[in-house]
Protein chains: 2
Amino acid sequence: MPQADAIAADDAVTPRQGEVLDAVLELLVEGRDTLTMTAVARRASCSKETLYKWFGDRDGLLTATVRWQASKVRAGNWDRQHLDADALAESLEAFAANWLTVISSKTSVALNRVAIAHAGSGRSDLGRIVLANGRFAIGERLKPLLEAAREAGLIAFNDAEAAFRTFFGLVGRDVQVRLLLGDGLVLSKAEIVADAERAVAQFLMLYGRRN
Amino acid sequence: MPQADAIAADDAVTPRQGEVLDAVLELLVEGRDTLTMTAVARRASCSKETLYKWFGDRDGLLTATVRWQASKVRAGNWDRQHLDADALAESLEAFAANWLTVISSKTSVALNRVAIAHAGSGRSDLGRIVLANGRFAIGERLKPLLEAAREAGLIAFNDAEAAFRTFFGLVGRDVQVRLLLGDGLVLSKAEIVADAERAVAQFLMLYGRRN
DNA sequence: CCCTAAGAGTACCGTACGGTACGGTTCGGC
DNA sequence: GCCGAACCGTACCGTACGGTACTCTTAGGG
């Protein structure tokens, strides 16, 4: 796990603090420009002084929010036993569908937006944290599956990282950037499943051992 | 009020206005938080009053800047004559390399960041404009090539849009989101060329007619 | 029943920035 | 050489927001 801060997440977040962070997420989803400390305090029914006491400053609050959300999104496991072609496809599809669901959620879009805006202005933990918990976390979770599949003779590749990046591209395509830029793209559950199947089929056509 | 003129006159940008917009791009690249009207005026050696006269307000200035940059990035043509397998691969690689070069440029990253931040806060032309001049513009330019290649019997697909999106994913992969989030990813000219070749090879493996 | 601590609510301060006003300067037209 | 337009530089205004201080309420502990 190269990104050390991927899991430095929900340490010592009291339930009440969780409520506050949920309020931040709400406001974030409603529109980034409404995210003022006063608005957070009002929404969470707490005082600004408490916000500053708990989170230090505005950046600290945002950082805690990003970590808080990351700690809530954990998914995509696979069965290490009996890995045959069907099980592989199924696991990959589960990863793909989960990933598409996450990146198309309003929360993820809003959080990525604020992290990207933050990354533009010098001092930026947010971008790094989002990357560590998003793109890199899923990479580290998926690579073992890819390598197990390779050892089982189901797929072939030299570089697991490169293979994952191809998978990533086939799954995500233009979805994330379109959502971030405000395109009115909506992914239904059915479309996500179909997209996941298509992406996995394409991936296996590129990397699968001909049988 | 000359405001209407200034907004509508995104095609008729005087040289002096171009200088101002270039100054905006400079500041944008240097760090988004430094982009204040005062800073623009200082950098461009013009008065704030002139900025407001020409561009209406801050959003107008940003919009003009996005359009200005878009008007500077036009590339990726292909030879309609003699379209054989080699020519197709070459054209696709040119598209891919050009696209990678654009999205990994500091200017593009900075502009996408501000557009994304803008898209978060309700009323947002910026996101739409960036999308129209980026993702969708290249799609519209590439699809004719794909369709010509299909008619030439080089590739096979039902939906040109879907084929393009796959191409888009294979080329871009995780590059754009990583750059937007501030990952220290640098693409050398050689890597871009290699990536373009890989993406095209993969695309042709998925869509190419077996020969 | 008091004492203390946590925290809600609110008033307040400083500053940064969007937007405006105005005096001074340059320059093309007559 | 004069006039007006364009425009630079800058001082100025209003406001929004980050951050702080202060009061008031509530809850536990003795």
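By convention in this document, chain letters (A, B, ...) are assigned in the order of the sequence lines, proteins followed by strands, and residues within each chain are numbered from 1.
Comment: A/Asp195 engages A/Arg173 in a salt bridge, judged by a side-chain N to carboxylate O separation of less than 4.0 angstrom. At a threshold of 4.0 Å, the pair A/Glu140-A/Arg135 does not count as salt-bridged, since none of the basic side-chain nitrogens sits closer than that to a carboxylate oxygen. Between B/Arg43 and B/Asp22, no side-chain nitrogen of the basic residue sits less than 4.0 Å from a carboxylate oxygen of the acidic one, so the salt-bridge criterion is not met.
Within the nucleic acid shown, B/Arg16 comes within 4.0 Å of sugar-phosphate atoms alone, with no base atom in reach, counting heavy atoms only.
Per the geometry, CZ belonging to A/Arg58 stands 9 Å off C1' belonging to D/dG18, to the nearest Å. Distance B/Leu35 CG to C/dG18 C1': 12 Å, rounded to the nearest Å. Atom CE of A/Met37 and atom C1' of C/dA8 are 15 Å apart (whole Å). Atom-to-atom, CG of B/Leu51 to C1' of C/dG18 comes out at 12 Å; the value is rounded to the nearest Å. The distance between atom NZ of B/Lys48 and atom C1' of D/dA11, rounded to the nearest whole Å, is 10 Å. When rounded to the nearest whole Å, the span between CG of A/Leu27 and C1' of D/dC17 equals 15 Å.
Close to C/dA6, at under 4.0 Å from its OP1 or OP2, lies no side-chain N or O of A/Trp54. Using a 4.0 Å cut-off, no side-chain N or O of A/Thr50 falls inside it from OP1 or OP2 of C/dA6.
Nearest to the side-chain atoms of A/Tyr52 among the listed nucleotides D/dA6, D/dA21, D/dG19 stands D/dG19. When distances are taken from the side chain of A/Cys46 to each of D/dA11, C/dA8, C/dA6, the shortest belongs to C/dA8. Checked against D/dC17, D/dG19, D/dG9, the side chain of A/Thr36 finds its nearest nucleotide in D/dC17. When distances run from any side-chain atom of A/Glu49 to the nucleotides D/dG19, D/dC22, D/dA11, the shortest one goes to D/dC22.
The shortest side-chain heavy-atom distance between B/Leu92 and B/Leu146 falls under the 4.5 Å cut-off. Looking only at side-chain heavy atoms (C-beta outward), A/Met37 and A/Asp57 stay at 4.5 Å or farther from each other.
Residue B/Arg42 is the one, among A/Ser47 and B/Arg42, whose nearest nucleotide of DNA chain D lies closer to the 5' end (criterion: closest heavy atom).
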